Novice: 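Pasting in a structure now, in structure tokens, and then I'll have a few things to ask.
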Amino acid sequence: QVQLVESGGGLVQAGGSLRLSCAASGRFFSSYAMGWFRQAPGKEREFVAAINWSGGSTYYADSVKGQFTISRDNAKNTVYLQIYSLKPEDTAVYYCAAQRGYGSSRVTRETEYDYWGQGTQVTVSS
């Protein structure tokens with residue numbers, strides 16, 4: 001069983017930046033496509049960004065292009081989500097997820113992922 005642990009969330013002022021991290025357990029991290037999702041209060045969880053197993057390909061929701069950057073370090077079993085120019089509407093719980101099997105970065109549906117973290121809260125004050 002793979003465990004994913006997110007960190008790096010917190011309270012930040014609008015216009016600020018955050019880097020979220022997601023550390024994975026196990027030996028097969030480098031074979032997983034990884035994704036980030038978020039769930040704002042009262043809303044459905046939505047796809048944010050994904051990265052393929054090697055880090056060579058990324059994919060973003062249209063709403064976050066240019067503002068979010070996903071990356072990974074396979075030597076550290078960690079995937080990152082850098083968020084710039086935070087806005088109050090970015091307030092949400094951010095989740096990372098893993099898909100087994102050398103997947104591509106075009107993994108946007110929750111059902112395509114095999115493992116999930118518990119989430120980290122990001123709150124943006126205006």
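What you see is a predicted model, and the numbers here were worked out from it, not measured in a lab. All residue numbers refer to positions in the sequence shown, counting from 1.
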Novice: Hey, what do you get for OG (Ser85) to CD (Gln67), rounding to the nearest 0.5 Å?
Specialist: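 That separation rounds to 6.0 Å.
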Novice: With sequence neighbours left out, what residues match Lys65 under salt bridge (Lys or Arg N to Asp or Glu O under 4.0 Å)?
Specialist: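 Partners of Lys65 under the salt bridge (Lys or Arg N to Asp or Glu O under 4.0 Å) test: Asp62.
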Novice: Is the closest side-chain heavy-atom distance between Met34 and Gln99 below 4.5 Å?
Specialist: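 No - every pair of side-chain heavy atoms lies 4.5 Å or more apart.
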Novice: When you look at CD of Gln3, are more than 12 heavy atoms from neighbouring residues, nucleotides or ligands closer to it than 6.0 Å?
Specialist: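 No, not enclosed.
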Novice: Taking Gln39's backbone N and O only, do any of them form a donor-acceptor pair with Glu44's side chain (distance below 3.5 Å, no angle check)?
Specialist: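 It does not hold such a pair.
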Novice: Please list, chain by chain and in numerical order, all residues satisfying salt bridge (Lys or Arg N to Asp or Glu O under 4.0 Å) with Arg38, sequence neighbours excluded.
Specialist: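 With neighbours one apart ignored, the set is Glu46, Asp90.
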Novice: Whether the side chain of Asn52 engages the backbone of Tyr102 through a donor-acceptor N/O pair (distance < 3.5 Å, no angle test) should be reported.
Specialist: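 No; judged by distance alone, with no hydrogens or angles, the pair does not exist.
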Novice: Hydrophobic clusters here meaning ILVMFWY residues chained together by side-chain heavy-atom distances under 4.5 Å, can you tell me if Phe29 and Val5 are in one?
Specialist: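 They do not share one cluster, since no chain of ILVMFWY contacts under 4.5 Å joins Phe29 to Val5.
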Novice: Find the distance between OG (Ser126) and CG (Leu86) and round it off to the nearest 0.5 Å.
Specialist: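 Spacing of OG (Ser126) from CG (Leu86) equals 13.0 Å.
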Novice: If you look only at pairs with a residue in residues 18-37, which of them pass as a side-chain hydrogen bond (donor to acceptor under 3.5 Å, both in side chains), with sequence neighbours excluded?
Specialist: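 Checked against side-chain hydrogen bond (donor to acceptor under 3.5 Å, both in side chains) - neighbours excluded - no pair reaches residues 18-37.
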Novice: Using the test side-chain hydrogen bond (donor to acceptor under 3.5 Å, both in side chains), find all partners of Gln121 that sit at least two apart in sequence or belong to another chain.
Specialist: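 Residues passing side-chain hydrogen bond (donor to acceptor under 3.5 Å, both in side chains) with Gln121: Thr123.
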Novice: Run the side-chain donor-acceptor check on residues 111-119: report pairs under 3.5 Å with partners two or more places apart or on a different chain.
Specialist:
residue	atom	partner	partner atom	Å
Glu112	OE1	Thr108	N	3.2
Glu112	OE1	Arg109	N	2.9
Tyr113	OH	Val107	O	2.6
Asp114	OD1	Arg100	NH2	3.3
Asp114	OD2	Arg100	N	2.8
Asp114	OD2	Arg100	NE	3.4

Novice: Start with the C-alpha gap between Leu81 and Val79, add the side-chain angles, then the distance that decides, and say whether side chain to side chain contact (heavy atoms under 4.5 Å, CB included) holds.
Specialist: CA-CA 7 Å; Leu81 186 69; Val79 63; over 6 Å; no
Novice: Hey, are the side chains of Tyr80 and Asp73 touching, using non-hydrogen atoms and a 4.5 Å cut-off?
Specialist: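 When only atoms from C-beta onward are counted, Asp73 and Tyr80 do touch, with a gap below 4.5 Å.
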Novice: Quick one: are the ring centres of Phe37 and Tyr95 less than 6.0 Å apart?
Specialist: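 For Phe37 and Tyr95, the ring centres are not under 6.0 Å apart.
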Novice: Please give me the minimum heavy-atom distance between Gly8 and Leu18, naming the atom from each residue.
Specialist: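 Where Gly8 meets Leu18 most closely, the heavy atoms are O-CD2, 3.6 Å.
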Novice: Cluster question for you: counting only ILVMFWY and a side-chain heavy-atom cut-off of under 4.5 Å, with indirect links fine, are Val122 and Phe68 together?
Specialist: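 Yes, one cluster joins them.
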Novice: Rounded at 0.5 Å granularity, tell me how far SG in Cys22 sits from CD in Glu6.
Specialist: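 One gets 5.0 Å once the value is rounded to the nearest 0.5 Å.
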Novice: In Å, rounded to the nearest 0.5 Å, how long is the span from OG of Ser54 to CG of Asn74?
Specialist: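 Between Ser54 OG and Asn74 CG, I get 8.0 Å after rounding to 0.5 Å.
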Novice: Checking Thr58 now: which residues fulfil side chain to side chain contact (heavy atoms under 4.5 Å, CB included) with it, not counting sequence neighbours?
Specialist: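 Checked Thr58 against side chain to side chain contact (heavy atoms under 4.5 Å, CB included); matches are Ile51, Tyr60, Ile70.
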Novice: Taking Thr91 for the side chain and Val124 for the main chain, is one N or O donor matched with an acceptor at less than 3.5 Å?
Specialist: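 A pair under 3.5 Å: yes.
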Novice: Considering all heavy atoms of both residues, which atom of Ser57 and which atom of Ser105 are nearest to each other, and what is their separation?
Specialist: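 Smallest heavy-atom distance, with atoms named: OG-OG, 2.7 Å.
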Novice: Following the transitive rule for hydrophobic clusters with a side-chain heavy-atom cut-off under 4.5 Å over Ile, Leu, Val, Met, Phe, Trp and Tyr, establish whether Phe47 and Val93 coincide in one cluster.
Specialist: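 Yes, Phe47 connects to Val93 through the hydrophobic network.
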Novice: Can you name the closest pair of heavy atoms from Ser104 and Ala33 and give their distance?
Specialist: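 Closest approach of Ser104 to Ala33: O-CB, 3.4 Å.
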Novice: I'd like to know if the side chain of Gln82 and the backbone of Leu20 have a donor-acceptor N/O pair within less than 3.5 Å.
Specialist: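 Pair absent, no side-chain N/O of Gln82 close to backbone of Leu20.
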Novice: Does one hydrophobic cluster hold both Tyr94 and Leu11, with members joined at side-chain heavy-atom distances below 4.5 Å?
Specialist: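 In one cluster: no.
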Novice: Determine whether Val2 and Phe28 satisfy the following criterion, side chain to side chain contact (heavy atoms under 4.5 Å, CB included), listing intermediate values before the conclusion.
Specialist: CA-CA 9 Å; Val2 173; Phe28 302 106; over 6 Å; no
